[in-house]
Amino acid sequence: MSTLTEKSAVASGYRAGRTLPLRVELVRQLKRRRTLMMGGILAVLPFVLLIAFAIGGSPGERNGQVTLLDTATSSGANFAAVNLFVSAGFLLVIPVALFCGDTVASEAGWSSLRYLLAAPVPRARLLWSKLVVALGLSLAAMILLPLVALAVGTAAYGWGPLQIPTGGALDTATATQRLAIVIAYVFLSQLVTAGLAFWLSTKTDAPLGAVGGAVGLTIVGNVLDAVTALGHWRDFLPAHWQFAWADAVQPHLEWSGMIQGTAVSITYALVLFALAFRGFARKDVVS
């Protein structure tokens, strides 16, 4: 394989940077059934919650303590925020783990990985293209959910300010900006899951193993964060900061929690991405 790669590398017109273009990889991934199914699930969730509220009544009518969930029917902005609240802890982990964990492992499982490398596509270029597309699809999934929720909520409850559980409201322009901040933070906080799934994808030929491993370890992180006996050690767990975005839906925007959560997530993610590139560069690809 190495001989073929070396001969192709000096072939006329060959440019390593032009192999496996991002648009080609993006089209391939968009056509896959799991991408369409995940997009459908995220798009349907707001309708499921809308039906649940229609059947069960306004959530705020059933308890005395007002929470973000209790304001779901106040406006479209509140409905979108509630959709993010109920999905950020677990549901949004799944598309990130799926898109990033099914990258290299699926090619190995189909026995097409070695042919891509013999094309020749440099290993670093292969990983880079797949990682960028996987992260792009993950971000698109996180944007899709609140956008659909905002449209559904506005149609059902009207377009209005974002009602804050602790009192007060944010005007529509400010609410839109705050929701954009929330989406950005949720994406950044999930980079550690992306890194873990991507690294596992380079270590196994079974996509479900990479996806399941990333989801499983994320659940373990949530369990450890619930162990209060760990004290300040929990600050080093990405799960500890997963709901720091709630500071963005307060009268005064507070950045400290989101900054700490972003720093923890990016640090872990960079280490895991580096391990993936380093390990794959030395891997003996036989599938």
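If you're wondering where the values come from, they're calculated on a predicted model, not measured in any experiment. The chain is numbered in sequence order, starting from 1.
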Which residue pairs satisfy the side-chain hydrogen bond (donor to acceptor under 3.5 Å, both in side chains) criterion with at least one member in residues 264-275, sequence neighbours excluded?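 Matches after skipping sequence neighbours: none remain.
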side-chain contact (heavy atoms from CB on, under 4.5 Å) involving [X] - partner list, sequence neighbours excluded:
X      : result
Val220 : Leu224
Thr174 : Leu170, Asp171, Arg178
Asp247 : Glu254

Considering residues at least two apart in sequence or located in another chain, which fulfil the side-chain hydrogen bond (donor to acceptor under 3.5 Å, both in side chains) criterion with Gln177?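 For Gln177 there are no side-chain hydrogen bond (donor to acceptor under 3.5 Å, both in side chains) partners, ignoring immediate neighbours.
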Just to verify, what does Phe85 make a ring pair (Phe, Tyr, Trp, His ring centres under 6.0 Å) with, not counting sequence neighbours?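 Listed in chain order: Phe243.
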Residues two or more places apart in sequence or in another chain: which of them pass ring pair (Phe, Tyr, Trp, His ring centres under 6.0 Å) with Tyr157?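 Scan of Tyr157 (ring pair (Phe, Tyr, Trp, His ring centres under 6.0 Å), adjacent residues dropped) gives Phe79.
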Identify each donor-acceptor pair in which a side-chain atom of residues 90-103 lies under 3.5 Å from a protein atom, sequence neighbours left out, and give them as a table.
{"unit_1": "Asp102", "atom_1": "OD2", "unit_2": "Arg32", "atom_2": "NH1", "d": "2.6"}
{"unit_1": "Asp102", "atom_1": "OD2", "unit_2": "Arg32", "atom_2": "NH2", "d": "2.8"}
{"unit_1": "Asp102", "atom_1": "OD2", "unit_2": "Arg34", "atom_2": "NE", "d": "3.1"}
{"unit_1": "Asp102", "atom_1": "OD2", "unit_2": "Arg34", "atom_2": "NH2", "d": "3.4"}
{"unit_1": "Thr103", "atom_1": "OG1", "unit_2": "Cys100", "atom_2": "O", "d": "2.9"}
{"unit_1": "Thr103", "atom_1": "OG1", "unit_2": "Ser201", "atom_2": "OG", "d": "3.3"}

If hydrophobic residues (ILVMFWY) are linked whenever their side-chain heavy atoms come closer than 4.5 Å, directly or via other members, who joins Leu36 in its cluster?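 Besides Leu36, the cluster holds no residue at all.
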Members besides Val48 in its Ile/Leu/Val/Met/Phe/Trp/Tyr cluster (side-chain heavy atoms under 4.5 Å):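 In the cluster with Val48 are Val44.
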Of all pairs that satisfy ring pair (Phe, Tyr, Trp, His ring centres under 6.0 Å), the ones with a partner from residues 180-199, not counting sequence neighbours: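 Checked against ring pair (Phe, Tyr, Trp, His ring centres under 6.0 Å) - neighbours excluded - no pair reaches residues 180-199.
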Please output the side-chain donor-acceptor pairs of residues 132-156 that fall under 3.5 Å, not counting sequence neighbours, one pair per line with the distance.
{"unit_1": "Ser138", "atom_1": "OG", "unit_2": "Ala134", "atom_2": "O", "d": "2.9"}
{"unit_1": "Thr154", "atom_1": "OG1", "unit_2": "Leu150", "atom_2": "O", "d": "2.6"}

